[in-house]
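One structure below.
All values below come from the heavy atoms of this structure, side chains included, with hydrogens, waters and symmetry mates left out. Whatever order the structure lists them in is the order used to number ligands and atoms, beginning at 1. Fair warning: this is a prediction, and the values are worked out from it, not measured in the lab.
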Amino acid sequence: MICLDKIEGSDSVQFDRLWRNGRLATLARQRPGAGLVERGAIGVAEGRIVFAGAEADLPAGAGAREVFDLEGRLLTPGLIDCHTHLVFGGERSGEFEMRLAGADYRSIARDGGGILSTVRATRAATAEELAVSALGRLRCLLAEGVTTVEIKSGYGLDLATELRMLRVARALGRQHPVEVATTLLAAHAVPADRDRAAYLDLVIGKLIPQAVREGLADAVDGYCEAIAFTPAEIRRVFEAARSAGLPVKLHADQLSDCGGAALAAELRALSADHLEWTNPEGVAALARAGTVAVLLPGAFYSLKEHRPPPVEELRRSGVRMAVATDCNPGTSPLLSILTALNLAAVQFGLTIEECLAGVTREAAHALGRAREIGTLEAGKRADFAIWDVERPAELVYWIGRNPLYKRIWRGE
Ligand code: DI6
Ligand code: FE
């Protein structure tokens, strides 16, 4: 990027840094579509956006310590991957081969493979080993303009390992230029070494309180599915989470209609994720509650599912739709948020604007952080991505091309 000029020693300096001559996709809700501003400028100070709009509307006499020419490039909010399982031990390509040969995900899980095989590998890994492998995956996301990532636990299923996963996730956020939102997903599967009731008592009585005491979790998640936990069990966990002051989000209706969306809405979840089998009542409940629908096309693709989530009903009911990688070693070994966008458009029928909003504004809502991130608006964190594309649609259209020019996190 070319540094045009420096305006020094004047009273009119308002920005630490100013980017001009760009096309802004602000994703601000009051603007139509992606909120495009041609010949736009963005000024930041102390890591926050102070001005985002048309260059012609820059306040008279506005100056900056550093000014950059975007040369017409597209600028979007930093991307937000609001559903990942980035921290885990091992990998599951062997299980992938079994599925290619015809085995089914649920029967592999019931035979002690699936989630439980990753639990064994994760318990055996040190915090250092978990951090190294997760960092490699995190780097793939950052390379595509991600500035905020949610990371779940859920492959420990005991006190020590669940907390270790959360500590590793927190440390990644402290040590790298990215915001990490952590989610306790202890209700992911019943561990092989405990019965259901004893495990749920551990989650409710020990894990949630300890995660809260150590400030390790920003939210609590659960897997509501025939191979995991029933709605009644999830309700207990979520009530404990809410009494401890933590918001909840739910893996809902992925493989069957368990009433997961309605349950998430009733418990005022930030988001209900997957939703392939969600019924019309579930959609209506999400709309009433303002719960975000997080669509995860990587899992749909990898499991060769046939029933897409009810996107048209979600759209008509005004439910916010986010898109995420669901990066996990079993059902979605996907480390490209741009590919998730292509899959969401092609498989689920999202429009370009819905895709872009799904990894920015709506993903921020899914994390309860919409006041801080997700759009290019004054007051928000100066997290953005600069792209070498002619049109915003190119971010969704290419498969395997990464047009990121530069990622800016907190104005740097
Ligand atoms: N997210 C999950 O947590 C489960 N499916 C999904 O999309 C299970 C992931 C796994 O098999 O490890
Ligand atoms: Fe998931």
Going by an N to O cut-off under 4.0 Å, is there a salt bridge joining [X] and [Y]?
X: Arg307; Y: Asp257; result: no
X: Arg17; Y: Glu66; result: yes
X: Glu372; Y: Arg369; result: no
X: Glu150; Y: Lys249; result: no
X: Arg73; Y: Glu71; result: yes
X: Asp104; Y: Lys304; result: no

Is the closest heavy atom of [X] to ligand 1 under 4.0 Å?
X: Leu296; result: no
X: Thr118; result: no
X: Arg92; result: yes
X: Lys152; result: no

Give me the nearest non-hydrogen protein atom to [atom] as residue plus atom name, then the distance to 0.1 Å.
atom: atom 8 (C) of ligand 1; value: Tyr105 OH, 3.1 Å
atom: atom 3 (O) of ligand 1; value: His188 NE2, 2.6 Å
atom: atom 7 (O) of ligand 1; value: Asp326 OD2, 2.4 Å
atom: atom 5 (N) of ligand 1; value: Thr331 OG1, 3.4 Å
atom: atom 12 (O) of ligand 1; value: Tyr155 OH, 2.6 Å

What do you reckon, does His83 have a nitrogen or oxygen under 3.5 Å from a nitrogen or oxygen of ligand 1?
no
Does CD belonging to Glu390 count more than 12 external heavy atoms closer than 6.0 Å?
no
From Leu263, Leu267, Val294, residue fulfilling side-chain contact (heavy atoms from CB on, under 4.5 Å) relative to Leu250
Leu263
Element-labelled atoms of ligand 1 that are located less than 4.0 Å from some non-hydrogen atom of [X]:
X: Ile115; answer: 8 (C), 10 (C), 11 (O), 12 (O)
X: Gln254; answer: 5 (N), 6 (C), 7 (O)
X: His85; answer: 1 (N), 2 (C), 3 (O)
X: His274; answer: 1 (N), 6 (C), 7 (O)
X: Asn328; answer: 1 (N), 6 (C), 7 (O), 9 (C), 10 (C), 12 (O)

Under 2.8 Å from the Fe ion (ligand 2), the protein N, O or S atoms, given as residue and atom
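Listed by chain and number, the nearby protein N, O or S atoms are His83 NE2, His85 NE2, His251 NE2, Asp326 OD1.
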If the condition is ring-ring contact (aromatic ring centres under 6.0 Å, His included), which residues does Tyr223 pass it with, not counting sequence neighbours?
His188, His251
Side chains of Ser256 and Glu225, donor plus acceptor under 3.5 Å:
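There is such a pair (donor and acceptor under 3.5 Å, judged by atom type) between the side chains of Ser256 and Glu225.
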On the ring face of Phe229, is Arg236 found with NZ or CZ under 6.0 Å from the centre and within 45° of the axis?
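Here Arg236 fails the 6.0 Å and 45° test against Phe229.
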One should read off an interatomic distance between Arg196 CZ and Asp201 CG, to the nearest 0.5 angstrom, of 12.5 Å
